[in-house]
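Lettering follows sequence order; numbering is per chain, from 1.
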There are 2 protein chains.
Amino acid sequence: MTPLQPRNANVLAFHIENTSGLTPYLQLVQQITHALRLGHLKVGDRLPTVRDVAAKVAINPNTVLKAYRHLEVQGLLVSRPGRGVFVAKELAGPSAHDQASLRRALLRWLSQAEDAGLDAEGMQALFANTVRQFIQDQAEAS
Amino acid sequence: MTPLQPRNANVLAFHIENTSGLTPYLQLVQQITHALRLGHLKVGDRLPTVRDVAAKVAINPNTVLKAYRHLEVQGLLVSRPGRGVFVAKELAGPSAHDQASLRRALLRWLSQAEDAGLDAEGMQALFANTVRQFIQDQAEAS
DNA sequence: AAGGGTGTCATAGGTCACTAGGACAATAGC
DNA sequence: GCTATTGTCCTAGTGACCTATGACACCCTT
């Protein structure tokens, strides 16, 4: 049986948004990548079964397989036939302390944005736009 | 000739990213929508020519047309054959003052994130994750 | 040895997005 | 009127992605 570590169950809340415009398997890739980057998944952790994910998010098992394979090619996952799919490599991310600090600061900003009347899309728009400006300024400063 | 207002030239810097996973015409839709939401485009402003955009970002004119039509259906744009495509409606966004304030706060946060070693993807991951948490908390608090 | 759970593969079909190339209609300026 | 520019449309073709269904190979437990 070897049930999943309960930790994963909470963190890996797979979800498919049909309105995002992003193709389903790439949505899964992105969610797993984010979990790896934020330290929610550690090397050796086992991911949910292909069939389980497919049933949960209501897509075809082949689509889930495609997402897993995509990450396996990048060396982030390893799939062992008959056993499951496991994390093979973690992504560089902030330390737990820094992450908590950044998250708190971001939550304060979100409250401020909400008070200004922004909805989720507005926040996303402003963030995307500002990040773009930030990156561009960095490049010019070099 | 009625050249474009120089304002648009700087703000509407169309760009197609092949790595984003988002389909090209939706990338244009998103960029225009963001510009509308942030007040970079005003009612009556003229958008770049279908053929101009197609040439600039190296995609087919039909793809640009699809993006424009997508926004026209939503009542955000109006296309006048022989004249061009114009902004028909603006989207609710923060006031100029609030926007400037939010942008400054966000820039500070980005500097902090950069100091913590995050790259653009890491920032994006943390933002997406935190927004999701924020929205969820809002829903539960109702 | 037997069974169940797992990853994997193959086939076939459908939908959607993009491309290429050309042509037409409306508008503005000469 | 003529011409250039603009939005619009059409056809055909290509490719990516997803689905449904079934089957196989591997591993572990019993």
Colleague: Atom CG of L22(A) to atom P of dC16(C): distance rounded to whole Å?
Modeller: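 So the two atoms are 18 Å apart, to the nearest Å.
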Colleague: Rounded to whole angstrom units, what separation is found between the CG atom of N62(B) and the C1' atom of dA12(D)?
Modeller: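 Distance, rounded to whole Å: 12 Å.
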Colleague: Side chain of P81(B): nearest nucleotide among dC18(C), dG7(C), dT8(D)?
Modeller: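 For the P81(B) side chain, the nearest candidate turns out to be dT8(D).
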Colleague: Regarding P61(A), tell me which of base, sugar-phosphate or nothing describes its non-hydrogen contacts under 4.0 Å with the strands shown.
Modeller: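 Answer is nothing: P61(A) stays at 4.0 Å or more from every strand.
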Colleague: OP1, OP2 of dC16(C) versus side-chain N and O of T23(B): anything below 4.0 Å?
Modeller: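 No, because none of the side-chain N or O atoms of T23(B) sits under 4.0 Å from OP1 or OP2 of dC16(C).
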Colleague: On the nucleotide dT6(C), are OP1 or OP2 found under 4.0 Å from the side-chain N or O atoms that S79(A) carries?
Modeller: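 No, no such contact exists.
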Colleague: What about D52(A): does its side chain form a donor-acceptor pair under 3.5 Å with the base of dG5(C)?
Modeller: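 No pair found.
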Colleague: Keeping the roles fixed (side chain from D45(A), backbone from K42(A)), state whether a donor-acceptor pair exists under 3.5 Å.
Modeller: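 Here the side-chain-to-backbone pair exists.
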Colleague: Does the distance from a Lys or Arg side-chain N to an Asp or Glu carboxylate O, for R132(B) and D137(B), drop under 4.0 Å?
Modeller: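 Result for this pair is no, no salt bridge flagged.
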Colleague: R69(A) has an atom CZ; how far is it from atom C1' of dG7(C), in whole Å?
Modeller: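 It is 9 Å, rounded to the nearest whole Å.
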Colleague: Taking atom P of dT5(D) as reference, at what distance in whole Å does atom CG of L65(B) sit?
Modeller: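 Distance, rounded to whole Å: 19 Å.
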Colleague: Could you point out which residue of L91(B), L26(B), L41(B) forms a side-chain contact (heavy atoms from CB on, under 4.5 Å) with T33(B)?
Modeller: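 Result for side-chain contact (heavy atoms from CB on, under 4.5 Å) with T33(B): L91(B).
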Colleague: Whole angstroms only, please: what is the CG-C1' distance between N60(B) and dT14(D)?
Modeller: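 Answer to the nearest Å: 13 Å.
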Colleague: Considering only dC17(D), dA17(C), dT8(D), which nucleotide approaches the side chain of E72(B) most closely?
Modeller: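 The listed nucleotide nearest to E72(B)'s side chain is dT8(D).
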Colleague: Under the criterion side chain to side chain contact (heavy atoms under 4.5 Å, CB included), I'd like the reasoning laid out for V43(B) against F86(B): C-alpha separation, chi angles, the key distance, then a yes or no.
Modeller: CA-CA 8 Å; V43(B) 168; F86(B) 301 85; over 6 Å; no
Colleague: Rounded to the nearest Å, what distance is computed from the NE2 atom of residue H70(A) to the C1' atom of nucleotide dC17(D)?
Modeller: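 Nearest whole value for this atom pair: 14 Å.
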Colleague: Is the phosphate of dA28(C), meaning OP1 or OP2, less than 4.0 Å from a side-chain N or O of R83(B)?
Modeller: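 Answer yes for this pair, as a side-chain N or O of R83(B) is under 4.0 Å from OP1 or OP2.
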Colleague: Using atom CD1 of I16(A) as one end and atom C1' of dT19(D) as the other, report the distance to the nearest whole Å.
Modeller: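 In whole Å, dT19(D) C1' lies 14 Å from I16(A) CD1.
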Colleague: What is the separation between atom OH on Y68(A) and atom P on dG7(C), rounded to the nearest whole Å?
Modeller: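 My rounded result for the distance is 7 Å.
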Colleague: State whether R103(B) and D98(B) are salt-bridged, where the test is any N-O pair (Lys NZ or Arg NE/NH1/NH2 against Asp/Glu carboxylate O) under 4.0 Å.
Modeller: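 Here R103(B) does not pair with D98(B) in a salt bridge, since their nearest N and O are not under 4.0 Å apart.
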Colleague: Can you work out whether G82(A) or I59(A) has the more 5'-proximal nearest nucleotide on DNA chain D?
Modeller: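 That would be I59(A).
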Colleague: Has R46(A) got a side-chain N or O lying under 4.0 Å from the OP1 or OP2 atom of dT6(C)?
Modeller: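 Yes, R46(A) has a side-chain N/O under 4.0 Å of OP1/OP2 on dT6(C).
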Colleague: For dC17(D) and T63(A) - does any side-chain N or O of the residue sit under 4.0 Å from the phosphate oxygens OP1/OP2?
Modeller: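 For dC17(D), neither OP1 nor OP2 has a side-chain N or O of T63(A) closer than 4.0 Å.
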